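One structure below.
The structure presented is a predicted model; accordingly, all values stated were derived computationally and were not measured.
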Amino acid sequence: MKYIEKLASIRQVMKEKGVDAYIIPSSDPHISEYLPDRYKCIAWTSGFTGSAGTLVITQDFAGLWTDSRYFVQANEQLAGTGFELVKLQAQGKPEYATWLANKLEKGQLVAFDGNLAAVAVAQAVQDELLPLGIQVDGHIDILADVWEGRPALPTAKAYLLDVATTGQSTKDKLAAIRGKLKAKRTTTHFVSSLDDLAWILNIRGNDVKCNPVVLSFLLIDGDKNTLYIQLGKLSDVDVASLNASGVTVEEYEKAFEAIRQINSENILLDPKRTCFAIYDAVPDSVKIIEDLNPSTLLKAVKNETELEHTRNAMRKDGVALTKFFKWLEENVASGNLSEISIAERLQQFRSELDGFVDISFDTIAGYLEHGALPHYKATDESNATLKPEGLLLVDSGGQYLDGTTDITRVVSLGNITAEERVDYTLVLKGTIEGSTAIFPKGTRGYQIDAITRHPLWSKLRNYGHGTGHGVGFFLNVHEGPHVFNSAAIDIPVEAGMITSIEPGLYREGQYGIRIENLVHSKVIESNYFGEFMDFETLTICYIATDLVDKAILDQKHIDWLNQYNSWVFDQLSPSLSEEEKTWLADKTKAI
């Protein structure tokens with residue numbers, strides 16, 4: 001069925017159900033960023049494959065609301081589908097609710113599937129429309145009537161990690177959460193978000209590409225803990241282990257019924273990580289405490305075991321990247337390399353390492369103008385052939401049993417312009433400024449964001465995405481609650497957090513530059529003026545120096561770059577062949 005035909009079918013069902021506007025979010029019952037095939041509703045409906053967006057359909061308009069990361073991609077993918085791109089002014093904001101408020105009349109009906117909408121999103125729609133007399137129904141699944149052959153829920157096996165890997169037992173994590181719940185004056189908590197659940201129960205799976213999670217829910221009700229998961233996904237040994245940790249295992253589908261039968265005085269739900277269908281199923285007699293999942297912040301602060309494992313994963317990842325960039329340099333002149341083929345080769349290098357499980361996201365290999373698309377993924381139609389000229393941006397990562405990696409590097413394939421050198425050096429300067437920041441305890445992410453952007457701002461340059469995101473431990477590559485971006489998010493940078501620092505610069509139709517390392521925030525000293533922190537750089541891969549314009553750098557930036565590249569060589573050389581050592585020694589020599 002063509003997209004235009006799917007749209008017509010949806011509109012027909014809307015007529016039959018009396019729906020004047022239908023909203024399709026990019027989500028699932030667990031409010032995931034990356035989705036199992038069954039819940040890739042936007043891709044099925046419109047052809048848009050980006051990881052963030054919302055469709056709104058009326059009888060005379062169909063639009064995709066998404067942010068600047070996807071403008072070019074959306075315009076290309078929506079062509080001929082009947083959908084139009086609507087550019088978000090602010091990333092993540094439900095601006096379509098205001099559009100609906102201006103579009104619809106009193107008495108008309110807006111609907112969505114509450115399994116796909118976070119509580120916070122549903123509330124934003126209700127707050128905008130209900131005062132105007134526009135009706136809202138969060139329990140209508142129109143796609144169930146039109147999506148033939150919709151994929152079933154994944155059935156991949158799940159498994160438990162041992163304490164030697166995680167550094168903390170499930171029993172201890174549950175006790176820590178109960179302590180947080182007590183402070184909130186509740187003993188009941190429902191967890192929908194897959195990475196939170198994976199961390200709490202030390203469980204991993206393969207239900208979502210690139211994210212080692214398993215579809216499941218967790219209900220903490222006093223001393224009783226119940227995991228709702230498809231029976232058969234866990235071995236008898238793992239079920240027995242969970243039972244020993246105080247966790248009972250029930251069928252996945254029973255989660256909704258369990259919510260309806262809760263009889264405690266109150267329950268804590270995270271409105272950004274719980275779907276509206278779960279929220280609305282809570283009995284009226286139970287007070288809902290809307291707050292951040294306690295596990296979200298606990299998970300973000302890595303323990304020493306997790307940090308040491310992550311350092312090991314970074315060394316392995318650096319070996320794979322060294323082999324990859326050497327291979328790339330030696331083969332680019334052949335004319336046989338493309339964006340897709342180099343992404344496949346990089347994955348192959350990673351897959352040869354101990355403990356490799358998967359890539360942590362689809363590799364962004366952007367050659368020339370494709371590098372200017374921050375979330376670009378090559379397709380058969382867009383796949384560019386590499387030539388020995390211009391800039392290549394490679395943003396990639398790996399999932400290992402001992403950690404998650406995420407790194408971006410830009411390399412010259414030849415014939416670089418002065419403008420490209422200046423832009424590259426300014427981005428590098430931003431990476432260095434962010435990486436070397438010293439800041440007092442309590443500093444927020446938007447302050448680190450501004451420090452990182454300063455070298456670009458001073459030359460009247462900027463970038464549209466955030467500077468950094470949290471990264472999980474053998475979990476999601478995008479992990480909250482902390483971020484380094486311009487939003488005034490009131491989450492302090494805490495010791496033990498792993499975050500990316502990834503400033504960029506993009507010239508549409510020409511090239512893109514981004515240099516990304518992961519850093520670990522740590523305390524360096526306490527004195528009369530308070531407690532101060534800085535970052536330990538975790539990523540181990542050389543930063544290209546042949547693109548650097550030294551005149552733009554201060555001596556402190558040159559020293560940092562030389563010391564970093566020297567450290568990279570020392571860390572990786574024991575795992576390289578003599579030929580690879582010689583190549584890397586040249587790449588890491590001082591400038």
Side-chain angles (χ1 to χ4, degrees), residues 1-28 31 33 35 39-105 108-118 120-130 132 134-138 140-143 145-147 276 373-375 464-465 508:
M1 188 186 298
K2 296 179 180 178
Y3 296 116
I4 200 78
E5 294 170 344
K6 295 175 183 177
L7 180 56
S9 297
I10 291 171
R11 283 175 167 154
Q12 180 59 39
V13 177
M14 287 171 60
K15 280 185 180 180
E16 295 169 1
K17 295 181 180 291
V19 174
D20 298 289
Y22 193 65
I23 301 171
I24 304 177
S26 175
S27 194
D28 65 4
I31 315 303
E33 177 182 10
L35 307 172
Y39 294 110
K40 292 180 179 178
C41 301
I42 289 182
W44 181 86
T45 303
S46 69
F48 175 69
T49 59
S51 62
T54 303
L55 299 180
V56 178
I57 301 169
T58 66
Q59 291 300 330
D60 59 5
F61 182 79
L64 167 74
W65 274 253
T66 192
D67 62 74
S68 61
R69 296 172 297 170
Y70 300 104
F71 288 167
V72 175
Q73 176 183 344
N75 272 322
E76 293 176 353
Q77 293 183 325
L78 296 179
T81 66
F83 287 88
E84 297 179 26
L85 168 64
V86 183
K87 296 180 178 181
L88 281 174
Q89 301 301 308
Q91 184 174 325
K93 298 295 183 181
E95 295 170 9
Y96 49 86
T98 302
W99 182 85
L100 286 168
N102 294 324
K103 170 82 172 175
L104 301 181
E105 301 292 336
Q108 289 190 290
L109 174 63
V110 174
F112 55 87
D113 179 2
N115 290 288
L116 307 183
V121 170
Q123 290 174 338
V125 172
Q126 291 174 332
D127 291 347
E128 187 85 34
L129 302 182
L130 291 179
L132 302 176
I134 298 171
Q135 302 175 64
V136 178
D137 189 334
I140 296 180
D141 181 5
I142 287 179
L143 295 188
D145 297 317
V146 300
W147 190 343
F276 179 73
L373 308 177
H375 277 220
H465 56 75
E508 188 174 335

By the definition side chain to side chain contact (heavy atoms under 4.5 Å, CB included), identify the one residue from L100, V110, L109 that meets it with I134. V110
Using atom types as modelled and distance alone, determine if a side-chain donor or acceptor of [X] lies under 3.5 Å from a backbone N or O of [Y].
X    : Y    : result
Q77  : A74  : no
T66  : A52  : yes
E128 : V125 : no
E95  : A90  : yes
R11  : T58  : yes

Calculate, to the nearest 0.5 Å, the distance between atoms [atom1] and [atom2] belonging to [X] and [Y] respectively.
X    : Y    : atom1 : atom2 : result
E76  : F48  : CD    : CZ    : 11.0 Å
Q89  : S68  : CD    : OG    : 10.0 Å
L7   : T45  : CG    : OG1   : 9.0 Å
W44  : W147 : CH2   : CH2   : 7.0 Å
I31  : L116 : CD1   : CG    : 8.0 Å
I140 : M14  : CD1   : CE    : 9.5 Å

Please list, chain by chain and in numerical order, all residues satisfying side-chain contact (heavy atoms from CB on, under 4.5 Å) with [X], sequence neighbours excluded.
X    : result
V86  : F61, W65
A124 : P94
N102 : T98

Is there a side-chain contact between [X] and [Y], using heavy atoms and a 4.5 Å cut-off?
X    : Y    : value
D28  : N115 : no
F83  : I42  : no
V136 : L130 : yes
L64  : L78  : yes
T54  : S26  : no

Donor-acceptor pair between S51 and Y70 side chains, under 3.5 angstrom: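 A donor-acceptor contact under 3.5 Å links the two side chains.
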Are side-chain N/O atoms of S27 and E33 paired as donor and acceptor at under 3.5 Å?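 No, no side-chain donor-acceptor pair sits under 3.5 Å.
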Grab the two heavy atoms, one from [X] and one from [Y], that are nearest each other, plus how far apart they are.
X    : Y   : value
K93  : L88 : O-CD2, 3.4 Å
F112 : I23 : CB-O, 3.5 Å
T49  : A43 : CG2-CB, 4.4 Å
G50  : Q73 : N-NE2, 3.3 Å
I142 : I10 : CG2-CG2, 4.0 Å
L35  : K40 : O-CE, 3.1 Å

NZ/NE/NH1/NH2 to OD/OE distance under 4.0 Å, K17 and D145: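 A salt bridge is present here (some side-chain N lies under 4.0 Å from a carboxylate O).
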Would K103 and D20 satisfy salt bridge (Lys or Arg N to Asp or Glu O under 4.0 Å), going step by step from the backbone distance to the final call? CA-CA 10 Å; K103 170 82 172 175; D20 298 289; over 6 Å; no
Can you confirm whether more than 12 heavy atoms, excluding those of Q59, are under 6.0 Å from its CD atom?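 More than 12 heavy atoms, drawn from other residues, nucleotides or ligands, come within 6.0 Å of this atom.
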Is atom CD of E16 surrounded by more than 12 heavy atoms (other residues, nucleotides or ligands) closer than 6.0 Å?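 Yes - once you tally the heavy atoms of other residues, nucleotides and ligands closer than 6.0 Å, there are more than 12.
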